[in-house]
Amino acid sequence: MGEVDSAFIQAIEHRPKLAVTEADGIPLIDLSPLNSSDSNAIARLATEIGDACKNWGFFQVINHGVPLDCREKIESASRTFFTQSLEEKSKVRRGELSPMGYYDGEHTKNVRDWKEVFDFVVEVPTLIPASHEPDDKELKMLHNQWPVYPPKFREACEDYTRETEKLSYKLLELISLSLGLPAKRFNEFFKDTTSFLRLNYYPRCPVPHLALGVGRHKDAGALTVLAQDAVGGLEVKRKTDGEWIRVKPTPNAYIVNVGDITQVWSNDKYESVEHRVMVNSEKERFSIPFFFNPAHYTMVEPLKELLDDHQNRAKYDAFNWGKFVAARNLSNFKKLDVENIQILSFQEIRSVMLMDPILFVEGIAEAAKVYTAAVKDASVGLQEVPPLKYKANAFSENLPSDQTTITGQVQDGL
Ligand SMILES: O=C(O)CCC(=O)C(=O)O
Ligand SMILES: [Fe+2]
């Protein structure tokens, strides 16, 4: 393996196959009916989007209204930024006090990603809870850090974000219609948005069969709108058979996927689907996801209009989006000595309605102990941690995939 740090190496069962399956099945949807006032065409479009959300959790859109030059400007700014020296990029490195900016040490499920990122929030400042503690009402403000080079980097980023945000609202409205709800049913949640944009850079990798650009994960927020370049590498786990399918790069298209919040809102009608990114030894790759997220104070729960007392009972408890984000921040800056800690600390969010109650309570109790120990720098006797860690991992690994948590599968985000 030469000089490759073992932190990048995936467990055998998660290593990518170098032979790629490129399926045609991921829907390609033309959004041009939105430019007409033909309500039938818009209704048909909503149905098409609803089917894609149900069957794939992913789709691509064309004729989306984001000007091409706006996209080209941010793509070129991103390329110029990342080709600088580490020393230059580190001038805007993210830290505990400013979680936005440049970072090259992200881990997904405790394996390091073969990538570098630059993050910025859409609304300045963005408010999120200061801690994950339920009783702590203090808020903190997220600000952006901008590099001085390349010039116009900030302008390119901000212009692009405004356009992708507009597109995200259109998509959200179509999703709402597809669920039989008024177009603007979800809009109120996004007033004080916690959305952010990420520039991803995947350098060439000498061990593409052992490492991943981003390990398997689901996106936590409401929607992700992603621009990928012509290199390709994004793979989606096909719902029908669990096969990893490559999303074919389509010039000037956007890849859209529903995140966990939409899954909860729709009470599982739409599913947030696992995906990952393969890297390669010949070509570097760039992508730009826009994570469209609600206000921190949003209580995320299945929409009442979609529920009844029979077939359609709520499958999730309500959870507070901001507290969830704050908990994610905690693990971003402290390397917890426990694998999959995010899964374990939030298990109740999704599985409480789904799994055997005794197993659930036991699992959560174990997880809570491990979590507390890890957060307090393992101040609980060290000899106690390994068996707990072992049990907790066994617990999370044994969950069927449809019972994994809203947070555990999520390795994106704040
Ligand atoms: O780079 C990509 O194609 C996808 C990245 C991704 O899934 C993410 O950043 O959440
Ligand atoms: Fe993702």
Side-chain angles (χ1 to χ4, degrees), residues 10 14 16 20 22 26 53 56-61 71 74-75 78-79 82 94 99-100 102-109 111-121 160-161 164 168 194-205 208 211-237 244-263 271-280 283-293 325 328 332 342 404 406-414:
Q10 297 284 332
H14 299 308
V20 166
E22 212 171 55
I26 298 175
C53 292
W56 283 91
F58 265 83
F59 51 96
Q60 299 204 67
V61 292
R71 173 163 170 175
I74 193 172
E75 283 174 344
S78 170
R79 203 170 274 273
F82 283 115
R94 85 186 190 197
M100 295 297 118
Y102 171 77
Y103 195 53
D104 61 357
E106 270 221 340
H107 287 65
T108 301
K109 307 225 191 300
V111 180
R112 190 163 166 197
D113 292 333
W114 195 274
K115 70 170 184 200
E116 299 175 27
V117 303
F118 180 88
D119 291 338
F120 59 93
V121 284
Y160 179 80
T161 305
T164 31
S168 303
T194 55
S195 299
F196 71 104
L197 197 124
R198 165 167 287 181
L199 306 177
N200 277 318
Y201 165 51
Y202 304 97
R204 277 183 280 270
C205 174
L212 285 167
V214 189
R216 77 209 139 89
H217 68 284
K218 297 179 182 183
D219 292 347
L223 280 184
T224 306
V225 176
L226 173 99
Q228 72 164 339
D229 67 13
V231 174
L234 174 62
E235 296 191 326
V236 173
K237 197 167 192 177
W244 287 106
I245 303 296
R246 177 70 62 100
V247 184
K248 202 174 178 174
T250 305
N252 194 23
Y254 284 92
I255 299 165
V256 182
N257 62 293
V258 299
D260 291 335
I261 289 182
T262 301
Q263 177 168 337
E271 197 182 316
S272 169
V273 164
E274 231 176 8
H275 52 286
R276 67 181 187 185
V277 175
M278 277 181 67
V279 279
N280 73 76
K283 289 187 189 150
E284 56 191 8
R285 174 175 181 265
F286 295 84
S287 75
I288 311 177
F290 174 71
F291 297 104
F292 192 41
N293 295 336
V325 168
R328 292 277 313 157
N332 276 350
Q342 297 95 332
T404 51
I406 194 156
T407 50
Q409 297 295 320
V410 173
Q411 297 294 327
D412 290 319
L414 296 162

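These numbers were taken from a predicted model, which means no experiment stands behind them. Start at 1 and go down the list; that is how both ligands and their atoms are numbered.
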For Q263 and S272, indicate whether the former's side chain and the latter's backbone hold a donor-acceptor pair under 3.5 Å.
yes
Those residues at least two apart in sequence (or on a different chain) that pass ring-ring contact (aromatic ring centres under 6.0 Å, His included) with W56 are none
Looking only at non-hydrogen atoms, find the nearest pair between V214 and D113 and report the distance.
CA-OD1, 3.5 Å
I'd like to check which ligand 1 atoms, numbered from 1 as shown, lie under 4.0 Å from a non-hydrogen atom of N200.
1 (O), 5 (C), 9 (O)
Donor-acceptor contact below 3.5 Å, side chain W114 vs main chain R204:
yes
Between R94 and E106, does any side-chain N to carboxylate O distance fall below 4.0 Å?
yes
Distance under 4.0 Å to a non-hydrogen atom of Y202: what atoms of ligand 1 satisfy this?
1 (O), 2 (C), 5 (C)
Do any N or O atoms from the side chain of T262 and from the backbone of A222 form a donor-acceptor pair under 3.5 angstrom?
yes
Run the contact test for R276 against ligand 1 with a 4.0 Å cut-off on heavy atoms, strictly below, and give the result.
no
Subset of ligand 1 atoms that lie under 4.0 Å from at least one heavy atom of H275
7 (O)
Show the atoms of ligand 1 that are less than 4.0 angstrom away from any heavy atom in P289.
9 (O)
Under 4.0 Å, heavy-atom basis, I'd like to know which part of I255 is in contact with ligand 1: side chain, backbone, both or neither.
neither
Using a 4.0 Å heavy-atom threshold (strictly under), name the region of F291 that reaches ligand 1: side chain, backbone, both or neither.
side chain
If you measure every N/O of R198 against every N/O of ligand 1, is any gap under 3.5 Å?
no
Which ligand 1 atoms, with their elements, are less than 4.0 angstrom from a heavy-atom of V277?
1 (O), 2 (C), 3 (O), 4 (C), 5 (C)
Among all residues two or more places apart in sequence or in another chain, which pass the ring-ring contact (aromatic ring centres under 6.0 Å, His included) test with Y202?
none
Compute the shortest N/O to N/O distance between Q228 and ligand 1 and return yes if it is under 3.5 Å, no if not.
no
Examine ligand 1 and decide if any of its atoms is less than 4.0 Å from a heavy atom belonging to K115.
no
Give me the atom names and distance for the closest heavy-atom approach of F286 to D229.
N-OD2, 2.8 Å
Atoms of ligand 1 less than 4.0 Å from R285 heavy atoms?
1 (O), 2 (C), 3 (O)
